Amino acid sequence: MSEITFALAKGRLGDKIIDMLNKAGLTDVEFDADTRKLVIYSKDERYAFFLSKPSDVPTFVDYGIADIGVVGKDTILEENRDITEILDLGFGKCRMCVAGPKDAEAILNSGRTIRVATKYPNIAKEYFYKTNRSCEIIKLNGSVELGPVVGLSDVIVDIVESGKTLKENGLDVLEVVEPLSARLIVNNASLKVKYEEIGKIVDALRKLVEE
Ligand code: PRP
């Protein structure tokens, strides 16, 4: 059995962390980006990697199936699992924002219920609750920017990276909810039981982040 198990998001975040672990000399994983395999191992089989949907990474870590997970801060906030966030990996930087047409700014401060389209209902609900505004959340699964463009919602709560999607659809950032980046998360029991091994991994990754 592998000593340490990782839950990684398939795609960019997963590829990047495997590169970092290899670079830190911790693993020697040969990762074929086109593979359909869902479990891959380091050559010495000390580490196993489970490739899941980003939103499921905190679930595997919470249940202790994976000792360590790598996932965006957006997913950590949205999933709200009982895990420990241990390191900001410094890549995948973007922002969770309230966005919409410029004139929606007035609606945000009008005191009336704001219609919000989002892939992140929990983050959106919490943000408007904290800022003392009432909202109606409309859950969408992608292309959220369509919401205000076609009149489904007043605004969106979504990730803004380059800002290109907003710009091309005539929308602006109206409020910033939270800066985001990839984070290392750890199962709470593993943190105690596998303290040394996990500590070694965290220290090596921290060194790379600080380089
Ligand atoms: C994300 C996000 C925005 C876009 C932001 O969507 O939900 O739509 O990227 O990036 P930008 O600021 O660089 O334009 P994603 O690409 O994941 O697709 P989706 O809308 O189908 O979820």
Side-chain angles (χ1 to χ4, degrees), residues 6-20 31 33-36 38 49-61 69-81 83 85 88-105 107-108 114-131 133 135-185 209:
F6 288 80
L8 303 182
K10 274 187 270 185
R12 257 187 312 162
L13 291 193
D15 298 351
K16 176 86 181 155
I17 194 69
I18 286 186
D19 277 353
M20 285 175 87
F31 184 51
D34 293 328
T35 187
R36 293 290 170 110
L38 299 174
F49 301 89
F50 309 144
L51 305 177
S52 77
K53 289 269 282 184
S55 53
D56 295 334
V57 166
T59 310
F60 286 105
V61 175
V70 175
V71 72
K73 178 72 178 175
D74 50 314
T75 306
I76 297 174
L77 293 170
E78 184 62 24
E79 295 301 316
N80 198 21
R81 289 273 173 185
I83 47 94
E85 183 187 320
D88 184 341
L89 290 161
F91 60 86
K93 281 191 181 161
C94 50
R95 297 177 299 166
M96 185 65 69
C97 295
V98 179
K102 262 269 166 263
D103 58 12
E105 218 150 22
I107 300 171
L108 287 175
I114 306 155
R115 280 182 310 150
V116 185
T118 187
K119 283 186 284 190
Y120 301 93
N122 293 329
I123 293 175
K125 224 180 290 170
E126 168 89 6
Y127 177 71
F128 284 105
Y129 176 76
K130 272 199 323 212
T131 51
R133 292 172 289 184
C135 67
E136 177 193 342
I137 304 288
I138 304 166
K139 168 88 191 317
L140 290 180
N141 296 298
S143 302
V144 175
E145 291 81 0
L146 261 182
V149 171
V150 299
L152 175 70
S153 66
D154 299 313
V155 293
I156 62 172
V157 167
D158 199 18
I159 289 176
V160 179
E161 198 175 344
S162 65
K164 197 162 179 263
T165 312
L166 289 184
K167 194 161 176 236
E168 289 194 6
N169 292 288
L171 307 174
D172 288 295
V173 171
L174 303 176
E175 295 175 11
V176 176
V177 176
E178 181 105 24
L180 307 169
S181 56
R183 309 289 162 100
L184 202 71
I185 60 173
V209 171

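Atoms considered below: every heavy atom in the structure, side chains included; atoms not considered: hydrogens, waters and symmetry mates. Numbering of ligands and ligand atoms starts at 1, following listing order. The structure presented is a predicted model; accordingly, all values stated were derived computationally and were not measured.
With sequence neighbours left out, Asn141 forms a side chain to side chain donor-acceptor pair (under 3.5 Å) with Lys139. With sequence neighbours left out, the side-chain contact (heavy atoms from CB on, under 4.5 Å) criterion links Asp15 to Phe31.
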Which donor-acceptor pairs under 3.5 Å do the side chains of residues 155-166 make with protein atoms, sequence neighbours left out?
| unit_1 | atom_1 | unit_2 | atom_2 | d |
| --- | --- | --- | --- | --- |
| Ser162 | OG | Lys164 | N | 3.1 |
| Lys164 | NZ | Glu168 | OE2 | 3.4 |

Check each N or O atom of ligand 1 against all protein N or O atoms and list the pairs under 3.5 Å, with atom names and distances to 0.1 Å, one per line.
| unit_1 | atom_1 | unit_2 | atom_2 | d |
| --- | --- | --- | --- | --- |
| ligand 1 | 7 (O) | Lys119 | NZ | 3.0 |
| ligand 1 | 7 (O) | Asp158 | OD1 | 3.0 |
| ligand 1 | 7 (O) | Asp158 | OD2 | 2.7 |
| ligand 1 | 8 (O) | Glu145 | OE1 | 3.3 |
| ligand 1 | 8 (O) | Glu145 | OE2 | 2.7 |
| ligand 1 | 8 (O) | Asp158 | OD2 | 3.4 |
| ligand 1 | 12 (O) | Glu161 | N | 2.8 |
| ligand 1 | 12 (O) | Ser162 | N | 3.1 |
| ligand 1 | 12 (O) | Gly163 | N | 2.7 |
| ligand 1 | 13 (O) | Ser162 | N | 2.8 |
| ligand 1 | 13 (O) | Ser162 | OG | 2.5 |
| ligand 1 | 14 (O) | Thr165 | N | 2.9 |
| ligand 1 | 14 (O) | Thr165 | OG1 | 2.4 |
| ligand 1 | 20 (O) | Ser143 | N | 2.9 |
| ligand 1 | 22 (O) | Lys119 | NZ | 2.4 |

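Atoms NZ and CG, from Lys10 and Leu8 in turn, are 11.5 Å apart once rounded to the nearest 0.5 Å. Separating the OG1 atom in Thr59 from the NZ atom in Lys53 is a distance of 12.5 Å, to the nearest 0.5 Å.
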Under the side-chain contact (heavy atoms from CB on, under 4.5 Å) criterion, do Arg95 and Val173 qualify, and how do the steps go?
CA-CA 10 Å; Arg95 297 177 299 166; Val173 171; 4.0 Å; yes
